[in-house]
Structure formats: C-alpha cells, structure tokens
Amino acid sequence: MAESSMIRAPSASPTRRAWRRFRRNRLGYWSRIAFCVLVVVSLFAELVSNDRPLVVRYDGQTYFPIFKDYSEKTFGGDFEANTDYLDPFIRERLSTGGNWAVFALNPYGPKTLNYFAAEPNPSRPTRANLFGTDDRGRDLLAQLLYGFRVSVLFALALTVTGVFLGVVAGAIQGFFGGKTDLAFQRFIEIWGSMPELYLLIIFSAVFAPSLALLLVLLSLFGWMGLSDYVRAEFLRNRQLDYVRAARALGVGNWQIIVRHVLPNSLTPVVTFLPFRMSGAILALTSLDFLGLGVPPGTPSLGELLAQGKNNIDAWWISLSTFVVLVVTLLLLTFMGDALRDALDPRKADQDPTADTGGAP
C-alpha cells in the first residue's frame, strides 16, 4: 500500500503573515482606514470647505474661481477688487438669469470672516456655521479641517526627518561599535541635556515664526529616542551568521548595512511610526497654544485651544477642537498597537497560519 503524501501549501512571506496579523486586529485595521479617509479629505479641503465656488456659469461662460481670481466686474459688480462670493449681491447675480454656481459643502475658507453672523463673535453653532465661529468670526469647521491638515502634514514631515536621522545615527553606532559608539553616546548625552523649550523661545524671538523653522528645531532633538532602538538592533544583528558571511565574501560595510542589517532592524522603526506622529501633533499643538508655533493666520488646533481658554463661554471652540485631537490621537494609538502586535516575533510564533500560508 503506497504511502499517501501530504501536499502543504507554500509558506507565506513574513510580510504577508504580519499583514494578516494586523488585519486580525479589527480596531487597528479600521483605525487605519478611518485615519486615511480623514487625511484624504483634509488634503482636498478646498473642495470641501471654501468660500469660492468650484465652478460658475455666468452669461454663457464658465469660470473656475477655485483656481483663479476674478474681479467683481466679471459678475456685474462695480469694483476691480476680487469677488466676495458670500456677498448677497454676488449670490443673487449668480443665481438668476440662467446663471448658476456650485459651492463647496461648507462655503467658508480658513480665513473667511462671516460678516453676516446673527450673534457677536464667537457665535454659537447655527445652520450657517455648523460648528460656530471663533473670536474673529472665522468658520470653526473650516478652521478644524485646515488645522488638521497642517498638523498631519507637519507631523509626517517631522516623523520622516526624525526617523531618517535616528536610523542613520543608530546604524552607525550599532554597526561599528567601539569608539564610534562611545563618541556618539557621549554626544547624545550632551545634546539631550540642551533646554529644547528655551531654544524654541529664543529662536522664535530672533526669527519670524514659520513651519520650516519649527520643523528644523524639533528635528534636531526628535531623533535621539529612536536611535537607541536602532542601535540595539544593529548591535544584535551584526553578530549574526549572514553578516559574517557577507564580510567573508568581501562585501563593504555600507553595503552590509543597507542591504542586510538595516532591513532586519526596521521593526522598532515601523512600530513607533504612529506614536511618533502622535507626539509630533501634540508638540505642534502645544507650541501653538503657547504662541510659539505656526505664523499668525495659519489654521492651527493649538490656537483654537487658546481661543477656547480665553473664551470660556464659547464651549463649542474647546469641545470641537478637543474631539478632533482625541479622535486623531486615538486612531494613531490603535494603529501603533496593531503594528506592534503584527511585528512582535512572539505573536508570529502563535500565528496558526504561519506555516500553511493561510491554508486550513
């Protein structure tokens, strides 16, 4: 009697197994989808919240005010100034005589002042301003949408910069070791003892506030925490057999670092990405709250929190900003927890589909 052979499905790659473990964490998986949707909506905020129409049909011609400025005379006004599309006269001209205009869902931009609010500013939520206005008369929903975009893009830029510097510093320390590692560690101890907040205050007084300046200053200190984890991974991986084999074959140090050691040392880097973004968003919000962040006039969640503190009766300012911050940080935290579980080698040992490639 012939022995029956069992055909096993090919084993899935470690990346596919990690992705399956990430998807099994429903909270982290759906948090990723929700966060991506919010980011995409904020990137196209001009199509969602804008005081200019997306397209105008007037006197048989088509205009696109979202991309180009038009004077009032174009639409029957008396002045050469740029058209105020919230002016009742212009609204009437664009809605009569076969003319029409398509406005965004929220007809206010981040700097648009509502001169026709029924209450003094800050005004409470109404049908015209769903989330109310701030103390300058700007629509709060537009401020939150554009402020969220500024925070996320700044956090992404700060995270990428910090990760790059941290990986480079940690890789050099961990791979070469010895005096190189000792010199870097002493430098990190000295640099880490610098008063970061005092430096921010000094530079904000000397230079005009800008996102670029803030990015540079925070990047100078944001790489040190990650470099320790990368250094530990390199110290462990440089002693493994595949690194010794590459050295025996005459492969250069930098080729070993980039092609062999680095891909196997990125687990802590990927795991900490959402948490680093959370920290960057909190840092920008805190600095804006203290008046040390973005230039005046830039949509900012920290500025809205400061307005909420200065206008205690305007509860809608503090509440809506707080909800946006909490939801954003929770989504990033859930994503980070899911990534940590997906890349945990102990979880990989418990994965029932690790050897079968997902086959039952």
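Along the sequence shown, the residues carry numbers beginning at 1.
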Chemist: How many angstroms lie between atom CG of Leu282 and atom CE of Met277, to the nearest 0.5 angstrom?
Modeler: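 So the gap between those two atoms works out to 11.5 Å.
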Chemist: Side-chain contact test, heavy atoms from C-beta onward, threshold under 4.5 Å: evaluate it for Asn237 versus Leu240 and give yes or no.
Modeler: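 SC-SC contact between Asn237 and Leu240 confirmed.
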Chemist: Shortest non-hydrogen contact from Ala142 to Ser49?
Modeler: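 Shortest heavy-atom separation between Ala142 and Ser49 comes out as CB-OG, 3.3 Å.
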Chemist: Test your reading of the model: is there a side-chain donor-acceptor pair from Asn99 to the backbone of Ser95, 3.5 Å cut-off?
Modeler: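 Judged by distance alone, no pair lies under 3.5 Å.
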Chemist: Go through it in stages, so that I can follow the logic: the residues are Asn121 and Thr133, the test is side chain to side chain donor-acceptor pair (under 3.5 Å), and I'd like the CA-CA distance, side-chain angles, deciding distance and then a yes or no.
Modeler: CA-CA 7 Å; Asn121 296 317; Thr133 64; 3.2 Å; yes
Chemist: Mind checking whether Val269 and Leu266 have side chains closer than 4.5 Å, heavy atoms only?
Modeler: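 Val269 vs Leu266: side chains touch.
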Chemist: Under the 3.5 angstrom rule, does the side chain of Arg124 hit a backbone N or O of Trp316 as a donor-acceptor pair?
Modeler: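 Answer holds: no.
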Chemist: For residues 272-286, which residue pairs pass the side chain to side chain donor-acceptor pair (under 3.5 Å) check, not counting sequence neighbours?
Modeler: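 Sorted pair list comes back empty.
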Chemist: Any donor-acceptor pair under 3.5 Å linking the side chain of Glu92 with the backbone of Pro88?
Modeler: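 Looks like no, no N/O pair under 3.5 Å.
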Chemist: Below 4.5 Å, heavy atoms only, C-beta onward: do Leu153 and Leu43 meet side chain to side chain?
Modeler: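 Leu153 vs Leu43: side chains touch.
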Chemist: Would you say that Arg91 contacts Pro107 through its side chain, given a criterion of any heavy-atom pair below 4.5 Å between the two side chains?
Modeler: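 SC-SC contact between Arg91 and Pro107 confirmed.
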Chemist: So, do Ser265 and Phe234 sit near enough that their side-chain heavy atoms are less than 4.5 Å apart?
Modeler: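 Of all side-chain heavy-atom pairs linking Phe234 with Ser265, at least one is under 4.5 Å.
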Chemist: Can you find a pair of side-chain heavy atoms, one from Phe275 and one from Leu332, that are under 4.5 Å apart?
Modeler: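 Phe275 does not reach Leu332 side chain to side chain.
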Chemist: Is it the case that the side chain of Thr74 and the backbone of Ser71 share a donor-acceptor pair, with hydrogens and angles ignored and the cut-off at 3.5 Å?
Modeler: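 Side chain of Thr74 to backbone of Ser71, a donor-acceptor pair under 3.5 Å: yes, one is there.
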Chemist: Evaluate the criterion side chain to side chain contact (heavy atoms under 4.5 Å, CB included) for residue pair Thr180 and Gln173; output intermediate values, then yes/no.
Modeler: CA-CA 6 Å; Thr180 302; Gln173 294 177 77; 5.9 Å; no
Chemist: List the steps and the verdict of ring pair (Phe, Tyr, Trp, His ring centres under 6.0 Å) for Trp191 and Phe221.
Modeler: CA-CA 8 Å; Trp191 191 249; Phe221 298 92; 5.3 Å; yes
Chemist: Roughly how far apart are Leu140 CG and Leu304 CG, rounded to 0.5 Å?
Modeler: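 The distance works out to 6.0 Å.
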Chemist: Of all the heavy-atom pairs spanning Gly28 and Phe22, show the shortest one and how long it is.
Modeler: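 For Gly28 and Phe22, the tightest heavy-atom pair comes out as O-CZ, 3.9 Å.
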Chemist: Closest heavy-atom contact between Pro53 and Ala101?
Modeler: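 Shortest heavy-atom separation between Pro53 and Ala101 comes out as CB-CB, 4.2 Å.
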Chemist: Is the closest basic N to carboxylate O distance between Asp228 and Arg231 below 4.0 Å?
Modeler: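 No, no charged N to carboxylate O under 4.0 Å.
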Chemist: According to the ring pair (Phe, Tyr, Trp, His ring centres under 6.0 Å) rule, which pairs have a member within residues 195-216, sequence neighbours left out?
Modeler: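 Checked against ring pair (Phe, Tyr, Trp, His ring centres under 6.0 Å) - neighbours excluded - the pairs reaching residues 195-216 are Phe203-Phe207.
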Chemist: Measuring from Leu38:CG to Thr328:OG1, what's the distance to the nearest 0.5 Å?
Modeler: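 Going from CG on Leu38 over to OG1 on Thr328, the span is 6.5 Å.
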Chemist: Can you check whether Tyr58 and Trp100 have ring centres sitting under 6.0 Å from each other?
Modeler: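 For Tyr58 and Trp100, the ring centres are not under 6.0 Å apart.
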Chemist: Minimum heavy-atom separation for Val39 to Val152, with atom names?
Modeler: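 Nearest heavy atoms, Val39 then Val152: CG2-CG1, 4.0 Å.
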Chemist: Which pair of heavy atoms, one from Pro65 and one from Val55, lies closest together, and at what distance?
Modeler: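 Reported closest heavy-atom pair: CD-CA, 4.3 Å.
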Chemist: Would a single hydrophobic cluster contain both Leu113 and Tyr108, if residues Ile, Leu, Val, Met, Phe, Trp and Tyr are joined by side-chain heavy-atom contacts under 4.5 Å?
Modeler: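 No: no chain of side-chain contacts under 4.5 Å links Tyr108 to Leu113.
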Chemist: In Å and rounded to the nearest 0.5 Å, what is the CZ to SG distance from Arg32 to Cys36?
Modeler: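 Reported value, rounded in 0.5 Å steps: 5.5 Å.
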Chemist: Just by distance, do the side chain of Asp87 and the backbone of Phe89 share a donor-acceptor pair under 3.5 Å?
Modeler: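 Flag set: sc Asp87 to bb Phe89 pair under 3.5 Å.
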Chemist: Between the main-chain N or O of Asn311 and the side-chain N or O of Asp135, is there a donor-acceptor pair closer than 3.5 Å?
Modeler: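 Between the backbone of Asn311 and the side chain of Asp135 there is no qualifying donor-acceptor contact (under 3.5 Å).
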Chemist: Can you name the residues that form a side chain to side chain contact (heavy atoms under 4.5 Å, CB included) with Val327, not counting sequence neighbours?
Modeler: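 Applying side chain to side chain contact (heavy atoms under 4.5 Å, CB included) to Val327 gives Val323, Leu331.
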Chemist: Within this structure, what is the CG-CG distance for the pair Leu158 and Leu284, rounded to the nearest 0.5 Å?
Modeler: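 It comes to 9.0 Å.
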Chemist: Indicate if Leu218 and Ile201 have the same hydrophobic cluster label, given that clusters are the connected sets of ILVMFWY residues with side-chain heavy-atom separations under 4.5 angstrom.
Modeler: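 Both belong to a single hydrophobic cluster.
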Chemist: Which residue pairs pass the ring pair (Phe, Tyr, Trp, His ring centres under 6.0 Å) test with at least one member in residues 242-267, sequence neighbours excluded?
Modeler: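 Of all non-adjacent pairs touching residues 242-267, those that pass ring pair (Phe, Tyr, Trp, His ring centres under 6.0 Å) are Phe176-Trp254.
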Chemist: Salt bridge between Lys111 and Asp51, side-chain N to carboxylate O under 4.0 Å?
Modeler: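 Not counted as a salt bridge, because no side-chain N and carboxylate O are separated by less than 4.0 Å.
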Chemist: Could you identify which residues cluster with Ile190, counting Ile, Leu, Val, Met, Phe, Trp and Tyr as linked when any side-chain heavy atoms lie under 4.5 Å apart, either directly or through a chain of such contacts?
Modeler: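 Besides Ile190, the hydrophobic cluster comprises nothing; the residue is isolated.
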Chemist: With the side chain counted from C-beta on, respond yes when Val270 and Leu339 share a heavy-atom pair under 4.5 Å apart, and no when they do not.
Modeler: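 A side-chain contact under 4.5 Å exists here.
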Chemist: For Tyr85, is there any backbone N or O sitting under 3.5 Å from a side-chain donor or acceptor partner on Thr83?
Modeler: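 Answer holds: no.
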Chemist: What do you reckon, are the aromatic ring centroids of Phe75 and Tyr63 less than 6.0 Å apart?
Modeler: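 Under 6.0 Å, so yes.
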Chemist: Taking all atoms of both residues into account, what is the closest heavy-atom pair of Val230 and Val167, and its distance?
Modeler: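 In this case the closest contact between Val230 and Val167 is CG1-O, 3.9 Å.
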Chemist: Donor-acceptor check, side chain of Ser151 to backbone of Ile281, threshold 3.5 angstrom: yes or no?
Modeler: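 No, the answer is negative, given that no donor and acceptor are paired below the 3.5 Å cut-off.
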Chemist: Could you tell me whether the side chain of Thr161 and the main chain of Ala157 form a donor-acceptor pair under 3.5 Å?
Modeler: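 Side chain of Thr161 to backbone of Ala157: a pair is present.
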Chemist: Measure the CD-CG distance between Glu72 and Asp78 for me, rounded to the nearest 0.5 Å.
Modeler: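 Rounded to the nearest 0.5 Å, the CD-CG separation comes to 7.5 Å.
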Chemist: For Arg259, does the CZ atom have more than 12 heavy-atom neighbours from other residues, nucleotides or ligands under 6.0 Å away?
Modeler: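 Incorrect, the count does not exceed 12.
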Chemist: Ignoring hydrogens and geometry, is there a side-chain-to-backbone donor-acceptor pair from Thr321 to Ile317 under 3.5 Å?
Modeler: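 Between the backbone of Ile317 and the side chain of Thr321 there is a qualifying donor-acceptor contact (under 3.5 Å).
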Chemist: Assess the residue pair Thr62 and Arg57 against the criterion (side chain to side chain donor-acceptor pair (under 3.5 Å)); give the C-alpha distance rounded to whole Å, side-chain angles, the decisive distance to 0.1 Å, and a yes or no.
Modeler: CA-CA 5 Å; Thr62 303; Arg57 186 69 176 175; 2.5 Å; yes
Chemist: Side chains of Leu47 and Leu105: does their closest heavy-atom pair fall under 4.5 Å?
Modeler: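 Sidechains of Leu105 and Leu47: no contact.
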Chemist: For the pair Arg21 and Asp341, find out whether any cationic side-chain nitrogen is under 4.0 Å from an anionic carboxylate oxygen.
Modeler: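 No, no charged N to carboxylate O under 4.0 Å.
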Chemist: Going by the side chain to side chain donor-acceptor pair (under 3.5 Å) test, which pairs reach into residues 137-150, not counting sequence neighbours?
Modeler: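 Passing the test, one end in residues 137-150: Glu46-Arg149, Asn106-Asp139, Asn129-Asp139, Asp134-Arg138, Arg138-Glu303.
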